[in-house]
Every structure is written in C-alpha cells, then in structure tokens.
K.L.:
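Just passing along the structure, written as structure tokens.
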Amino acid sequence: MARLYILLFVVQVVLAVCALISCLSAEEDDIRHLPRIAWVLMILFAPLIGSIAWFVAGRERKADSGMFSTGGRPTERGPQRPLAPDDDPEFLRSIQERSRKEDQELFQRWEEDLRRREDDLRRREGDPPREEPRPEV
C-alpha cells in the first residue's frame, strides 16, 4: 500500500511540475479565466486540483499549439515562421535559384574547356582553329 501512495505522490509532483512549466511558459494571450499569478498559486498550493484545472480550463486550446508550427499559414496572431528551413518556400526557392546559377556557370566552364581542348587538338594536327561561333544552349 505504501508503494501505491509513493507512486501517486510522484505522479502528482510530476503533474504539478508540468503544469507549472506550462503555465509559466504560456503566452499572456493563451491564459484563460484567471491571471497567471493566480494559476501559479493554485498549482503550488493545491497541486493535484490546480494542475488538472490548469490543463482543463487555464490554457487556450489550439490546433497549432505545442511543438508544431502552422507551416507559415496565418493564425489569429499573424503569420508564423516555419520551424525548419525546408518548410520555408522562400528558402527552397533561393536554393533552387542558386543551384541553377551554379549549374549554368559550371556548364559554361566545361564548354570553354572543351573548346580550348578542341582548338589545341586542331593546332597539333595542323588544322586551323574553328572560327564560327557555336550555338549557345
């Protein structure tokens, strides 16, 4: 029986700590019914009831609350930034543009190198270098 009481005490302490952290880290707009200090005092002086009351009635429930963002969609408080760079369309667009530019520069260097090698080969064989311009790709 003592083990059960110890287990329930530990669960109550963990619940109170989680509620206290949640209450203290919540935005001012997300706290309902009572001011933050009242919720903190309720959680500290009546840990079980105060914690349960905080999770049921004290905090604002939203679909986008918690660790996940809305992926840049606007909410009541305005647009939110994506969590990761690969969720940001502007960042992905800039990477794609930079990659395209680097690919074009690399392709141009390869073409110049190929022309130089062809001209060197023609000179060795005694043929004049090519005079006509090559079409751009």
K.L.:
Inspect the contact between Arg116 and Asp120 and indicate whether a charged nitrogen and a carboxylate oxygen are less than 4.0 angstrom apart.
P.N.:
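So Asp120 pairs with Arg116 through a salt bridge.
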
K.L.:
Report yes if the side chains of Trp54 and Ile31 come closer than 4.5 Å at any heavy-atom pair, otherwise no.
P.N.:
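Yes, close enough: below the 4.5 Å cut-off.
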
K.L.:
Please give me the minimum heavy-atom distance between Glu27 and Arg36, naming the atom from each residue.
P.N.:
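Nearest heavy atoms, Glu27 then Arg36: C-NH2, 4.1 Å.
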
K.L.:
Is it true that Ile49 and Val10 fall in one hydrophobic cluster, defined by side-chain heavy atoms closer than 4.5 Å?
P.N.:
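No, because Ile49 and Val10 fall into different hydrophobic clusters, even though each may have its own neighbours under 4.5 Å.
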
K.L.:
Does Ser25 reach the main-chain N or O of Ile21 with its side chain, forming a donor-acceptor pair under 3.5 Å?
P.N.:
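Yes, the answer is positive, given that a donor and an acceptor are paired below the 3.5 Å cut-off.
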
K.L.:
Are Ile43 and Val13 in one and the same hydrophobic cluster, where Ile, Leu, Val, Met, Phe, Trp and Tyr link if side-chain heavy atoms are under 4.5 Å apart?
P.N.:
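Cluster IDs for Ile43 and Val13 differ.
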
K.L.:
Do Val17 and Phe9 share a hydrophobic cluster (ILVMFWY, side-chain heavy atoms under 4.5 Å, transitive)?
P.N.:
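Per the 4.5 Å side-chain linkage, Val17 and Phe9 are co-clustered.
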
K.L.:
Would you compute the distance between atom CG of Leu8 and atom CG of Leu15 and round it to the nearest 0.5 angstrom?
P.N.:
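Nearest 0.5 Å value for the CG-CG distance: 12.0 Å.
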
K.L.:
Applying a strict under-4.5 Å side-chain criterion to I, L, V, M, F, W and Y, I'd like to know whether Val56 and Leu48 cluster together.
P.N.:
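Same cluster.
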
K.L.:
Per the side chain to side chain contact (heavy atoms under 4.5 Å, CB included) rule, which among Asp30, Val40, Ile37 passes with Cys23?
P.N.:
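One option only clears the test, and that one is Val40.
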
K.L.:
For the residue pair Arg117 and Leu121, establish whether any side-chain heavy-atom pair is separated by less than 4.5 Å.
P.N.:
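They are not in side-chain contact.
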
K.L.:
If you round to the nearest 0.5 Å, how far is CD of Glu111 from CD of Glu118?
P.N.:
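Reported to 0.5 Å precision, the distance equals 10.0 Å.
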
K.L.:
Determine whether Arg3 and Ile6 make a side-chain contact, defined as any pair of heavy atoms from C-beta on separated by less than 4.5 Å.
P.N.:
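In short, these two side chains do not touch, never coming nearer than 4.5 Å.
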
K.L.:
Between Arg98 and Glu102, does at least one N-O distance fall below 4.0 Å, as a salt bridge requires?
P.N.:
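Looking at Arg98 and Glu102, the cut-off is not met.
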
K.L.:
Report the distance from atom OG of Ser22 to atom CG of Leu20, rounding to the nearest 0.5 Å.
P.N.:
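Rounded to the nearest 0.5 Å, the OG-CG separation comes to 9.5 Å.
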
K.L.:
Which pair of non-hydrogen atoms, one from His33 and one from Trp39, has the smallest distance, and what is that distance?
P.N.:
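Scanning both residues, the minimum pair turns out to be CB-CZ2, 4.4 Å.
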
K.L.:
Once you round to the nearest 0.5 Å, how far does CD of Glu97 lie from CZ of Arg100?
P.N.:
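Those atoms lie 6.5 Å apart.
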
K.L.:
Work out which heavy atom in Ser51 is nearest to a heavy atom in Ala16; give both atom names and the distance.
P.N.:
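Result for this residue pair: OG-CA, 3.2 Å.
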
K.L.:
Consider only side-chain heavy atoms of I, L, V, M, F, W and Y, link residues closer than 4.5 Å, and tell whether Phe55 and Leu24 are in one cluster.
P.N.:
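Phe55 clusters together with Leu24.
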
K.L.:
For Ala53 and Met42, work out which heavy atoms get closest and say how close.
P.N.:
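Residues Ala53 and Met42, closest heavy atoms: CB-SD, 4.2 Å.
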
K.L.:
Using 0.5 Å steps for rounding, measure from the CD atom of Glu90 to the CZ atom of Arg93.
P.N.:
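CZ of Arg93 is found 6.0 Å from CD of Glu90.
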
